[in-house]
Amino acid sequence: MSSFQTSPGTRDILPPHAGRWRALIQVFADGVESAGYQNIIPPLFEDLGVFQRLGDATDVVTKEMYDFMDKGGRHIALRPEHTASVCRAFAQHRPTPPWKVWYSGPNFRYERPQAGRFRQFDQVGIEVLGVDDSQLDVEVISLGWDFYQAIGLSNVSLVINSLGDAGDRGRYIEALGAYFTTHSETLSEQALATLERNPLRVLDSKRPQDASAIAGAPAIGAFLSTDAAAHFAAVCAGLDALNIPYVVNERLVRGLDYYQRTTFEFISGSLDSAQNAVGGGGRYDGLVEDLGGPATPGIGFALGVDRTLLACDAEECFSYGFPALDVFVIDTTGGSYALSITHQLRHSGFSADRAFEGRSMKSQMKSADRSGAQVAVIIGDTEAEESTCTVRNLSTSEQTTIPSTELQSHLVSVLGPRQPRRHTP
RNA sequence: GUGGGCGUAGCUCAGUUGGUUAGAGCGCUAGGUUGUGGUCCUAGAGGCCGGGGGUUCGAAUCCCCUCGUUCACCCCA
(Lines give C-alpha, C1' and ligand atoms only; values in the text may rest on other atoms or scores of the structure.)
Protein backbone atom coordinates (compact mmCIF):
# COMPACT_ATOMS: atom_id res chain seq x y z
CA MET A 1 0.00 0.00 0.00
CA SER A 2 1.50 3.30 -1.03
CA SER A 3 1.70 6.18 1.43
CA PHE A 4 -0.58 8.43 -0.57
CA GLN A 5 -3.74 7.80 -2.41
CA THR A 6 -6.45 9.90 -4.01
CA SER A 7 -8.71 11.87 -1.66
CA PRO A 8 -12.22 10.55 -1.04
CA GLY A 9 -14.48 11.14 -3.99
CA THR A 10 -11.62 11.70 -6.42
CA ARG A 11 -9.84 9.20 -8.60
CA ASP A 12 -7.32 8.77 -11.36
CA ILE A 13 -8.77 8.22 -14.79
CA LEU A 14 -6.20 5.78 -16.12
CA PRO A 15 -5.57 4.45 -19.61
CA PRO A 16 -7.41 3.17 -21.48
CA HIS A 17 -10.39 4.72 -19.68
CA ALA A 18 -9.04 8.24 -20.12
CA GLY A 19 -8.96 7.69 -23.88
CA ARG A 20 -12.60 6.72 -23.85
CA TRP A 21 -13.32 9.74 -21.72
CA ARG A 22 -11.67 12.04 -24.23
CA ALA A 23 -13.49 10.35 -27.08
CA LEU A 24 -16.80 10.99 -25.35
CA ILE A 25 -16.05 14.68 -25.02
CA GLN A 26 -15.01 14.78 -28.66
CA VAL A 27 -18.38 13.37 -29.74
CA PHE A 28 -20.13 15.96 -27.61
CA ALA A 29 -18.01 18.82 -28.95
CA ASP A 30 -18.55 17.75 -32.55
CA GLY A 31 -22.30 17.64 -32.02
CA VAL A 32 -22.76 21.02 -30.40
CA GLU A 33 -20.16 22.84 -32.51
CA SER A 34 -22.06 21.75 -35.60
CA ALA A 35 -25.01 23.60 -34.04
CA GLY A 36 -23.04 26.81 -33.61
CA TYR A 37 -21.95 26.47 -29.99
CA GLN A 38 -18.42 27.58 -29.20
CA ASN A 39 -16.17 26.42 -26.41
CA ILE A 40 -15.81 28.41 -23.20
CA ILE A 41 -13.28 27.67 -20.46
CA PRO A 42 -14.16 29.51 -17.25
CA PRO A 43 -11.85 29.39 -14.23
CA LEU A 44 -11.95 26.50 -11.81
CA PHE A 45 -12.61 28.82 -8.88
CA GLU A 46 -14.49 32.08 -8.45
CA ASP A 47 -15.66 34.46 -5.80
CA LEU A 48 -17.96 32.52 -3.52
CA GLY A 49 -20.76 34.99 -4.20
CA VAL A 50 -21.06 33.81 -7.81
CA PHE A 51 -22.18 30.41 -6.63
CA GLN A 52 -24.37 31.59 -3.79
CA ARG A 53 -26.79 32.69 -6.49
CA LEU A 54 -27.63 29.01 -6.96
CA GLY A 55 -29.93 29.42 -3.98
CA ASP A 56 -29.55 29.73 -0.25
CA ALA A 57 -31.84 26.78 0.30
CA THR A 58 -29.77 24.37 -1.78
CA ASP A 59 -27.34 21.92 -0.23
CA VAL A 60 -24.90 22.74 -3.01
CA VAL A 61 -24.53 26.21 -1.54
CA THR A 62 -25.09 25.61 2.16
CA LYS A 63 -22.93 22.60 2.83
CA GLU A 64 -21.20 21.20 -0.23
CA MET A 65 -19.02 24.09 -1.35
CA TYR A 66 -15.24 23.76 -1.38
CA ASP A 67 -14.49 27.28 -0.17
CA PHE A 68 -11.48 28.97 1.36
CA MET A 69 -9.91 32.35 1.95
CA ASP A 70 -7.03 33.08 -0.41
CA LYS A 71 -3.89 34.98 0.54
CA GLY A 72 -5.52 38.23 -0.52
CA GLY A 73 -8.43 37.75 1.84
CA ARG A 74 -10.94 36.86 -0.89
CA HIS A 75 -13.59 34.28 -0.19
CA ILE A 76 -13.10 31.76 -2.97
CA ALA A 77 -14.95 28.59 -3.95
CA LEU A 78 -14.17 25.79 -6.36
CA ARG A 79 -16.99 25.78 -8.86
CA PRO A 80 -19.80 23.32 -8.06
CA GLU A 81 -21.17 23.69 -11.60
CA HIS A 82 -20.60 25.72 -14.75
CA THR A 83 -23.83 27.63 -15.27
CA ALA A 84 -23.19 30.38 -12.74
CA SER A 85 -19.69 30.92 -14.12
CA VAL A 86 -21.01 31.23 -17.66
CA CYS A 87 -23.58 33.79 -16.54
CA ARG A 88 -20.95 35.70 -14.61
CA ALA A 89 -18.78 35.69 -17.75
CA PHE A 90 -21.69 37.04 -19.77
CA ALA A 91 -22.34 39.80 -17.25
CA GLN A 92 -18.63 40.65 -17.19
CA HIS A 93 -17.84 40.66 -20.93
CA ARG A 94 -21.26 41.48 -22.42
CA PRO A 95 -20.96 39.45 -25.63
CA THR A 96 -23.59 39.98 -28.31
CA PRO A 97 -26.58 37.72 -27.74
CA PRO A 98 -27.50 35.11 -28.60
CA TRP A 99 -24.44 33.69 -26.93
CA LYS A 100 -24.16 29.94 -27.47
CA VAL A 101 -21.35 28.19 -25.62
CA TRP A 102 -20.34 24.70 -24.57
CA TYR A 103 -17.97 23.48 -21.89
CA SER A 104 -16.43 20.45 -20.33
CA GLY A 105 -14.54 20.13 -17.11
CA PRO A 106 -14.54 19.17 -13.45
CA ASN A 107 -16.79 20.51 -10.72
CA PHE A 108 -16.47 20.08 -6.97
CA ARG A 109 -19.02 19.29 -4.32
CA TYR A 110 -18.32 18.03 -0.83
CA GLU A 111 -20.73 15.08 -0.71
CA ARG A 112 -20.48 11.49 0.44
CA PRO A 113 -19.22 9.51 -2.54
CA GLN A 114 -21.57 6.92 -3.94
CA ALA A 115 -22.22 5.01 -7.12
CA GLY A 116 -22.03 7.63 -9.88
CA ARG A 117 -21.30 10.42 -7.43
CA PHE A 118 -17.89 11.93 -6.80
CA ARG A 119 -16.54 15.02 -5.11
CA GLN A 120 -14.68 15.93 -8.25
CA PHE A 121 -16.97 15.14 -11.13
CA ASP A 122 -16.94 16.13 -14.78
CA GLN A 123 -19.72 17.57 -16.80
CA VAL A 124 -20.17 18.60 -20.39
CA GLY A 125 -22.87 21.09 -21.18
CA ILE A 126 -24.17 24.01 -23.18
CA GLU A 127 -25.69 27.36 -22.27
CA VAL A 128 -27.48 29.95 -24.39
CA LEU A 129 -27.95 33.49 -23.16
CA GLY A 130 -30.20 36.15 -24.56
CA VAL A 131 -33.00 34.20 -26.24
CA ASP A 132 -36.49 33.69 -24.86
CA ASP A 133 -37.86 31.67 -27.79
CA SER A 134 -39.43 28.30 -26.92
CA GLN A 135 -37.84 26.91 -30.08
CA LEU A 136 -34.48 27.42 -28.43
CA ASP A 137 -35.64 25.24 -25.53
CA VAL A 138 -36.37 22.58 -28.10
CA GLU A 139 -32.96 23.00 -29.75
CA VAL A 140 -31.15 22.70 -26.42
CA ILE A 141 -33.09 19.62 -25.36
CA SER A 142 -32.64 18.01 -28.77
CA LEU A 143 -28.86 18.51 -28.63
CA GLY A 144 -28.75 16.63 -25.34
CA TRP A 145 -30.98 13.93 -26.74
CA ASP A 146 -28.92 13.63 -29.92
CA PHE A 147 -25.74 13.24 -27.91
CA TYR A 148 -27.06 10.18 -26.10
CA GLN A 149 -28.14 8.74 -29.42
CA ALA A 150 -24.72 9.48 -30.92
CA ILE A 151 -22.88 7.47 -28.30
CA GLY A 152 -25.30 4.59 -28.62
CA LEU A 153 -27.33 4.88 -25.40
CA SER A 154 -30.82 3.66 -26.15
CA ASN A 155 -32.26 3.39 -22.67
CA VAL A 156 -32.38 7.09 -21.85
CA SER A 157 -35.67 8.82 -21.21
CA LEU A 158 -36.43 12.51 -21.24
CA VAL A 159 -38.57 13.97 -18.48
CA ILE A 160 -39.75 17.57 -18.72
CA ASN A 161 -41.74 20.01 -16.67
CA SER A 162 -42.35 23.71 -16.31
CA LEU A 163 -41.82 25.49 -13.02
CA GLY A 164 -43.57 28.59 -14.32
CA ASP A 165 -42.17 32.08 -14.18
CA ALA A 166 -40.95 33.66 -10.97
CA GLY A 167 -44.45 34.57 -9.74
CA ASP A 168 -45.95 31.17 -10.56
CA ARG A 169 -43.16 29.44 -8.82
CA GLY A 170 -43.61 31.48 -5.67
CA ARG A 171 -47.37 30.87 -5.53
CA TYR A 172 -46.84 27.16 -6.10
CA ILE A 173 -44.24 26.86 -3.36
CA GLU A 174 -46.65 28.64 -1.02
CA ALA A 175 -49.47 26.25 -1.86
CA LEU A 176 -47.18 23.27 -1.59
CA GLY A 177 -45.94 24.40 1.78
CA ALA A 178 -49.48 24.78 3.05
CA TYR A 179 -50.45 21.37 1.75
CA PHE A 180 -47.49 19.55 3.28
CA THR A 181 -47.96 21.38 6.57
CA THR A 182 -51.49 19.99 6.84
CA HIS A 183 -50.09 16.52 6.11
CA SER A 184 -47.06 16.93 8.33
CA GLU A 185 -48.05 14.05 10.62
CA THR A 186 -47.53 11.55 7.76
CA LEU A 187 -44.21 12.98 6.61
CA SER A 188 -40.84 11.61 7.62
CA GLU A 189 -38.62 13.60 9.92
CA GLN A 190 -36.24 14.32 7.05
CA ALA A 191 -39.05 15.51 4.81
CA LEU A 192 -40.20 17.90 7.51
CA ALA A 193 -36.71 19.37 7.64
CA THR A 194 -36.76 19.76 3.87
CA LEU A 195 -40.17 21.40 4.11
CA GLU A 196 -38.66 24.11 6.29
CA ARG A 197 -36.04 24.95 3.69
CA ASN A 198 -37.82 24.41 0.39
CA PRO A 199 -41.22 22.76 0.02
CA LEU A 200 -40.46 22.00 -3.66
CA ARG A 201 -37.75 19.58 -2.73
CA VAL A 202 -40.12 17.46 -0.64
CA LEU A 203 -41.47 16.19 -3.95
CA ASP A 204 -38.04 14.61 -4.49
CA SER A 205 -38.10 12.42 -1.39
CA LYS A 206 -37.66 8.73 -2.13
CA ARG A 207 -38.87 7.62 1.27
CA PRO A 208 -41.84 5.24 1.07
CA GLN A 209 -43.32 7.00 4.09
CA ASP A 210 -43.63 10.25 2.14
CA ALA A 211 -45.05 8.68 -1.00
CA SER A 212 -48.75 9.08 -0.19
CA ALA A 213 -48.47 12.74 0.81
CA ILE A 214 -46.49 13.46 -2.35
CA ALA A 215 -49.02 11.66 -4.50
CA GLY A 216 -51.80 13.93 -3.26
CA ALA A 217 -49.81 17.17 -3.51
CA PRO A 218 -51.02 19.93 -5.81
CA ALA A 219 -49.43 19.96 -9.26
CA ILE A 220 -47.62 22.89 -10.82
CA GLY A 221 -49.77 22.86 -13.94
CA ALA A 222 -52.66 24.66 -12.29
CA PHE A 223 -50.38 27.47 -11.18
CA LEU A 224 -48.80 28.34 -14.52
CA SER A 225 -49.47 31.80 -15.94
CA THR A 226 -50.91 32.04 -19.43
CA ASP A 227 -47.49 32.93 -20.82
CA ALA A 228 -45.65 30.15 -19.06
CA ALA A 229 -48.29 27.60 -20.04
CA ALA A 230 -48.09 28.70 -23.67
CA HIS A 231 -44.31 28.53 -23.61
CA PHE A 232 -44.39 25.03 -22.20
CA ALA A 233 -47.00 23.88 -24.71
CA ALA A 234 -44.81 25.21 -27.52
CA VAL A 235 -41.80 23.31 -26.19
CA CYS A 236 -43.80 20.08 -26.10
CA ALA A 237 -45.07 20.71 -29.61
CA GLY A 238 -41.52 21.30 -30.83
CA LEU A 239 -40.32 18.04 -29.33
CA ASP A 240 -43.25 16.28 -30.97
CA ALA A 241 -42.28 17.82 -34.31
CA LEU A 242 -38.75 16.43 -33.93
CA ASN A 243 -40.04 13.03 -32.86
CA ILE A 244 -38.19 13.22 -29.57
CA PRO A 245 -40.05 11.13 -27.02
CA TYR A 246 -40.60 12.67 -23.60
CA VAL A 247 -42.65 12.32 -20.47
CA VAL A 248 -44.16 15.28 -18.65
CA ASN A 249 -43.66 14.87 -14.93
CA GLU A 250 -45.19 17.60 -12.83
CA ARG A 251 -43.25 16.30 -9.84
CA LEU A 252 -39.92 17.04 -11.54
CA VAL A 253 -38.25 19.70 -9.44
CA ARG A 254 -34.61 20.42 -9.78
CA GLY A 255 -32.15 21.05 -7.03
CA LEU A 256 -30.94 24.49 -7.95
CA ASP A 257 -33.16 27.42 -7.13
CA TYR A 258 -32.51 29.41 -10.26
CA TYR A 259 -34.61 27.28 -12.56
CA GLN A 260 -37.77 28.75 -14.06
CA ARG A 261 -40.12 27.63 -16.78
CA THR A 262 -38.74 24.70 -18.77
CA THR A 263 -36.84 22.09 -16.79
CA PHE A 264 -35.78 18.64 -17.93
CA GLU A 265 -33.78 15.60 -16.96
CA PHE A 266 -32.30 12.69 -18.83
CA ILE A 267 -32.75 9.46 -16.89
CA SER A 268 -30.89 6.27 -17.70
CA GLY A 269 -32.98 3.15 -17.25
CA SER A 270 -29.80 1.09 -17.31
CA LEU A 271 -28.38 2.39 -14.05
CA ASP A 272 -29.56 0.49 -10.99
CA SER A 273 -28.18 2.98 -8.56
CA ALA A 274 -29.96 5.91 -7.02
CA GLN A 275 -27.89 8.22 -9.22
CA ASN A 276 -29.70 7.52 -12.47
CA ALA A 277 -30.03 11.11 -13.73
CA VAL A 278 -27.36 11.32 -16.40
CA GLY A 279 -28.14 14.91 -17.33
CA GLY A 280 -30.40 17.81 -16.56
CA GLY A 281 -31.07 21.42 -17.26
CA GLY A 282 -33.58 24.15 -17.79
CA ARG A 283 -34.24 27.86 -18.03
CA TYR A 284 -32.74 30.31 -15.59
CA ASP A 285 -34.10 33.61 -16.82
CA GLY A 286 -33.14 35.61 -13.77
CA LEU A 287 -29.59 34.47 -13.15
CA VAL A 288 -27.58 36.92 -15.25
CA GLU A 289 -29.43 39.83 -13.66
CA ASP A 290 -28.75 38.34 -10.24
CA LEU A 291 -25.06 38.42 -11.05
CA GLY A 292 -25.13 42.10 -11.92
CA GLY A 293 -25.75 41.86 -15.66
CA PRO A 294 -28.66 43.03 -17.78
CA ALA A 295 -31.93 41.11 -17.57
CA THR A 296 -31.14 38.18 -19.86
CA PRO A 297 -32.96 34.92 -20.44
CA GLY A 298 -30.85 31.78 -20.32
CA ILE A 299 -31.15 28.06 -20.82
CA GLY A 300 -28.77 25.14 -20.79
CA PHE A 301 -27.99 21.68 -19.57
CA ALA A 302 -25.17 19.74 -17.97
CA LEU A 303 -24.50 16.05 -18.51
CA GLY A 304 -22.54 13.96 -16.06
CA VAL A 305 -19.59 12.37 -17.82
CA ASP A 306 -19.09 9.70 -15.15
CA ARG A 307 -22.70 8.61 -15.05
CA THR A 308 -23.00 8.68 -18.81
CA LEU A 309 -20.04 6.34 -19.12
CA LEU A 310 -21.47 4.10 -16.40
CA ALA A 311 -24.65 3.90 -18.44
CA CYS A 312 -22.55 3.05 -21.50
CA ASP A 313 -20.94 0.23 -19.53
CA ALA A 314 -24.37 -1.06 -18.55
CA GLU A 315 -25.56 -0.94 -22.14
CA GLU A 316 -22.23 -2.16 -23.50
CA CYS A 317 -21.95 0.70 -25.93
CA PHE A 318 -19.33 3.32 -26.74
CA SER A 319 -16.47 0.90 -26.36
CA TYR A 320 -12.97 2.19 -26.77
CA GLY A 321 -9.64 0.76 -27.81
CA PHE A 322 -6.38 2.61 -28.12
CA PRO A 323 -5.77 3.13 -31.84
CA ALA A 324 -3.35 0.52 -33.16
CA LEU A 325 0.13 1.72 -33.99
CA ASP A 326 1.41 1.48 -37.54
CA VAL A 327 4.86 0.22 -36.75
CA PHE A 328 6.88 -1.27 -33.91
CA VAL A 329 10.61 -1.07 -34.43
CA ILE A 330 12.73 -3.94 -33.11
CA ASP A 331 16.46 -3.50 -32.79
CA THR A 332 18.67 -6.19 -31.26
CA THR A 333 21.93 -4.44 -32.08
CA GLY A 334 21.82 -1.97 -29.20
CA GLY A 335 19.07 0.44 -30.07
CA SER A 336 20.64 3.12 -32.26
CA TYR A 337 18.70 1.95 -35.33
CA ALA A 338 15.47 1.94 -33.36
CA LEU A 339 16.23 5.47 -32.21
CA SER A 340 16.68 6.90 -35.69
CA ILE A 341 14.09 4.81 -37.52
CA THR A 342 11.21 5.54 -35.13
CA HIS A 343 12.17 9.20 -35.30
CA GLN A 344 12.08 9.24 -39.09
CA LEU A 345 8.86 7.26 -39.31
CA ARG A 346 7.11 9.57 -36.86
CA HIS A 347 8.20 12.57 -38.90
CA SER A 348 6.71 10.97 -41.99
CA GLY A 349 3.37 10.61 -40.25
CA PHE A 350 3.50 6.96 -39.18
CA SER A 351 2.69 6.10 -35.60
CA ALA A 352 5.61 4.15 -34.23
CA ASP A 353 6.93 2.80 -30.96
CA ARG A 354 9.89 0.69 -29.87
CA ALA A 355 11.33 -1.14 -26.89
CA PHE A 356 14.11 0.08 -24.65
CA GLU A 357 16.83 -1.38 -22.44
CA GLY A 358 18.24 -3.77 -25.04
CA ARG A 359 15.77 -6.55 -24.48
CA SER A 360 15.84 -9.85 -26.27
CA MET A 361 14.28 -10.41 -29.68
CA LYS A 362 11.55 -12.45 -28.06
CA SER A 363 10.79 -9.78 -25.52
CA GLN A 364 10.70 -7.07 -28.17
CA MET A 365 8.38 -9.17 -30.31
CA LYS A 366 6.06 -9.50 -27.33
CA SER A 367 6.05 -5.75 -26.89
CA ALA A 368 5.34 -5.34 -30.60
CA ASP A 369 2.40 -7.69 -30.26
CA ARG A 370 1.02 -5.89 -27.25
CA SER A 371 1.34 -2.51 -28.94
CA GLY A 372 -1.17 -3.60 -31.54
CA ALA A 373 1.18 -2.48 -34.32
CA GLN A 374 0.34 -3.76 -37.76
CA VAL A 375 3.93 -4.36 -38.79
CA ALA A 376 7.24 -4.87 -37.06
CA VAL A 377 10.42 -3.48 -38.55
CA ILE A 378 13.29 -5.68 -37.42
CA ILE A 379 16.97 -4.76 -37.32
CA GLY A 380 19.28 -7.57 -36.21
CA ASP A 381 22.99 -8.11 -36.78
CA THR A 382 22.41 -9.40 -40.32
CA GLU A 383 20.29 -6.43 -41.34
CA ALA A 384 22.77 -4.02 -39.77
CA GLU A 385 25.63 -5.48 -41.75
CA GLU A 386 23.71 -5.50 -45.02
CA SER A 387 21.97 -2.14 -44.54
CA THR A 388 18.59 -3.83 -44.80
CA CYS A 389 15.61 -4.25 -42.55
CA THR A 390 13.02 -6.98 -42.17
CA VAL A 391 9.38 -5.98 -42.29
CA ARG A 392 7.02 -8.44 -40.65
CA ASN A 393 3.25 -8.30 -40.91
CA LEU A 394 2.13 -9.10 -37.38
CA SER A 395 -1.27 -10.43 -38.32
CA THR A 396 -0.23 -12.70 -41.20
CA SER A 397 3.31 -13.41 -39.96
CA GLU A 398 4.65 -12.84 -43.48
CA GLN A 399 7.95 -11.04 -43.58
CA THR A 400 10.35 -9.73 -46.15
CA THR A 401 13.77 -8.15 -46.05
CA ILE A 402 14.34 -4.98 -48.00
CA PRO A 403 17.09 -2.37 -48.36
CA SER A 404 16.87 0.27 -45.61
CA THR A 405 16.52 3.01 -48.20
CA GLU A 406 13.24 1.49 -49.37
CA LEU A 407 11.63 1.27 -45.92
CA GLN A 408 9.48 4.37 -46.21
CA SER A 409 8.14 3.54 -49.66
CA HIS A 410 7.58 -0.06 -48.66
CA LEU A 411 5.54 0.98 -45.60
CA VAL A 412 3.50 3.36 -47.74
CA SER A 413 2.67 0.51 -50.08
CA VAL A 414 1.70 -1.75 -47.17
CA LEU A 415 -0.04 0.72 -44.84
CA GLY A 416 -1.07 3.48 -47.23
CA PRO A 417 0.17 7.06 -47.50
CA ARG A 418 0.70 9.21 -44.41
CA GLN A 419 0.84 12.97 -44.00
CA PRO A 420 3.37 14.58 -41.70
CA ARG A 421 1.56 15.82 -38.59
CA ARG A 422 1.57 19.54 -38.20
CA HIS A 423 -0.91 22.13 -37.08
CA THR A 424 -3.04 23.56 -39.86
CA PRO A 425 -5.07 26.55 -38.74
C1' G B 1 -24.13 14.69 8.18
C1' U B 2 -26.77 9.44 9.38
C1' G B 3 -26.85 4.05 8.73
C1' G B 4 -25.29 -1.04 6.55
C1' G B 5 -21.43 -4.14 3.76
C1' C B 6 -16.25 -4.78 2.64
C1' G B 7 -10.44 -3.99 3.23
C1' U B 8 -5.22 -10.48 1.97
C1' A B 9 0.13 -9.80 -4.38
C1' G B 10 -0.51 -4.85 -9.84
C1' C B 11 -5.92 -7.15 -10.72
C1' U B 12 -9.94 -10.87 -9.27
C1' C B 13 -10.24 -13.66 -5.04
C1' A B 14 -9.26 -18.49 -1.54
C1' G B 15 -7.47 -18.94 3.47
C1' U B 16 -11.55 -24.42 7.93
C1' U B 17 -13.19 -24.39 15.34
C1' G B 18 -7.26 -18.80 16.20
C1' G B 19 -1.90 -23.04 15.14
C1' U B 20 3.89 -22.33 13.48
C1' U B 21 7.13 -20.86 6.35
C1' A B 22 -0.10 -16.80 3.77
C1' G B 23 -2.09 -19.41 -1.42
C1' A B 24 -4.48 -19.65 -6.59
C1' G B 25 -5.75 -17.62 -11.35
C1' C B 26 -4.71 -13.50 -14.45
C1' G B 27 -0.84 -10.00 -15.35
C1' C B 28 4.58 -9.10 -15.17
C1' U B 29 9.97 -10.91 -15.91
C1' A B 30 13.08 -14.77 -17.73
C1' G B 31 13.91 -19.49 -19.94
C1' G B 32 12.22 -23.72 -23.12
C1' U B 33 13.80 -21.73 -29.02
C1' U B 34 22.23 -18.61 -29.81
C1' G B 35 17.30 -13.54 -34.23
C1' U B 36 10.76 -13.84 -34.19
C1' G B 37 4.87 -12.27 -30.95
C1' G B 38 -0.25 -14.13 -30.13
C1' U B 39 -0.92 -21.06 -28.04
C1' C B 40 1.79 -24.37 -24.72
C1' C B 41 5.47 -25.81 -20.74
C1' U B 42 8.95 -24.35 -16.71
C1' A B 43 10.90 -20.99 -13.29
C1' G B 44 11.14 -16.25 -10.88
C1' A B 45 9.86 -11.55 -8.89
C1' G B 46 5.99 -9.43 -6.26
C1' G B 47 2.52 -9.26 0.65
C1' C B 48 3.78 -4.76 7.51
C1' C B 49 -3.20 -9.72 5.46
C1' G B 50 -5.35 -1.04 5.25
C1' G B 51 -3.16 1.39 10.03
C1' G B 52 -2.98 1.49 15.51
C1' G B 53 -4.16 -0.74 20.12
C1' G B 54 -6.04 -5.06 22.89
C1' U B 55 -7.18 -10.49 24.17
C1' U B 56 -3.99 -15.03 23.73
C1' C B 57 1.47 -19.41 24.54
C1' G B 58 0.07 -18.08 19.45
C1' A B 59 -4.05 -13.40 15.42
C1' A B 60 -5.10 -12.55 8.25
C1' U B 61 -8.83 -15.00 11.65
C1' C B 62 -11.59 -12.56 18.02
C1' C B 63 -12.49 -7.28 20.36
C1' C B 64 -11.93 -1.75 20.21
C1' C B 65 -10.43 2.64 17.62
C1' U B 66 -9.10 4.78 13.08
C1' C B 67 -8.49 5.36 7.83
C1' G B 68 -10.11 3.85 3.14
C1' U B 69 -13.84 1.86 0.08
C1' U B 70 -18.78 0.61 -1.23
C1' C B 71 -24.25 0.88 -0.95
C1' A B 72 -28.48 3.53 0.84
C1' C B 73 -30.70 8.07 3.07
C1' C B 74 -29.81 13.07 1.76
C1' C B 75 -28.39 15.80 -2.50
C1' C B 76 -27.64 16.06 -7.51
C1' A B 77 -25.03 15.36 -13.09
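In what follows, every chain begins at residue 1, and chains take the letters A, B, ... in the order their sequences are listed. These numbers were taken from a predicted model, which means no experiment stands behind them.
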Base, sugar-phosphate or nothing for [X]? Non-hydrogen atoms, less than 4.0 Å.
| X | value |
| --- | --- |
| A:Gly116 | base |
| A:Ser363 | sugar-phosphate |
| A:Glu383 | base |
| A:Ala368 | nothing |
| A:Gly380 | base |
| A:Phe118 | base |
| A:Gln399 | base |
| A:Gln190 | nothing |
| A:Ile330 | nothing |

Name the closest nucleotide to the [X] side chain, picking from [options].
| X | options | value |
| --- | --- | --- |
| A:Arg392 | B:G37, B:U70, B:C74 | B:G37 |
| A:Pro113 | B:C74, B:G35, B:U70 | B:U70 |
| A:Ala115 | B:C71, B:G31, B:G68 | B:C71 |
| A:Leu394 | B:C76, B:G37, B:G68 | B:G37 |
| A:Thr382 | B:A30, B:G37, B:G35 | B:G35 |
| A:Arg207 | B:C73, B:G31, B:G37 | B:C73 |
| A:Arg370 | B:C75, B:G38, B:U29 | B:U29 |
| A:Arg359 | B:G38, B:U29, B:C74 | B:U29 |

Taking [atom1] from [X] and [atom2] from [N], how many angstroms apart are they, rounded to a whole number?
| X | N | atom1 | atom2 | answer |
| --- | --- | --- | --- | --- |
| A:Leu310 | B:U70 | CG | P | 11 Å |
| A:Phe28 | B:A77 | CZ | P | 15 Å |
| A:Arg354 | B:G37 | CZ | P | 20 Å |
| A:Leu252 | B:C76 | CG | C1' | 12 Å |
| A:Arg119 | B:C75 | CZ | C1' | 13 Å |

Are [X] and [N] close enough that a side-chain N or O sits under 4.0 Å from OP1 or OP2?
| X | N | value |
| --- | --- | --- |
| A:Gln114 | B:C73 | yes |
| A:Arg201 | B:C76 | yes |
| A:Thr333 | B:G35 | no |
| A:Arg307 | B:C76 | no |
| A:Ser205 | B:C74 | yes |
| A:Arg112 | B:C71 | no |

Would you say [Y] and [X] are linked by a side-chain donor-acceptor pair, where the criterion is simply a distance under 3.5 Å?
| X | Y | result |
| --- | --- | --- |
| A:Tyr337 | A:Glu383 | no |
| A:Asn161 | A:Thr263 | no |
| A:Thr332 | A:Gln364 | no |
| A:Gln399 | A:Thr390 | no |
| A:Ser371 | A:Asp353 | no |

Would you measure the distance from the [atom1] atom in [N] across to the matching atom in [M] and give it in whole Å?
| N | M | atom1 | result |
| --- | --- | --- | --- |
| B:G4 | B:G10 | P | 31 Å |
| B:G15 | B:U61 | C1' | 9 Å |
| B:C74 | B:A14 | P | 32 Å |
| B:A45 | B:A24 | P | 12 Å |
| B:G38 | B:C28 | P | 10 Å |
| B:C6 | B:C63 | P | 11 Å |
| B:A9 | B:U66 | P | 24 Å |

Need the pair for [N]. Rule: Watson-Crick or G-U wobble, both distances under 3.5 Å, any strand; none if unpaired.
| N | value |
| --- | --- |
| B:C11 | B:G25 |
| B:G68 | B:C6 |
| B:U17 | none |
| B:U34 | none |
| B:G1 | B:C73 |

State whether [Y] and [X] meet the cation-pi test: NZ (Lys) or CZ (Arg) under 6.0 Å from the six-membered ring centroid, and within 45° of the perpendicular axis.
| X | Y | result |
| --- | --- | --- |
| A:Arg119 | A:Tyr110 | yes |
| A:Arg354 | A:Phe356 | yes |
| A:Arg79 | A:Phe108 | no |

Let me spell it out: for each of A:Gly281 and A:Met361, pick the nucleotide of RNA chain B with the closest heavy atom. Which residue's pick is nearer the 5' end?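 Counting from the 5' end, the first nearest nucleotide belongs to A:Met361.
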Would you mind telling me which residue lines up with the more 5' stretch of RNA chain B, A:Gly304 or A:Asp381, judged by nearest nucleotide?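 Taking each residue's closest nucleotide, the earlier one in sequence belongs to A:Asp381.
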Could you check A:Arg261 against A:Asp132 for salt bridge (charged side-chain N to carboxylate O under 4.0 Å, His left out), going step by step and ending with a plain yes or no? CA-CA 11 Å; A:Arg261 299 191 161 197; A:Asp132 193 31; 3.7 Å; yes
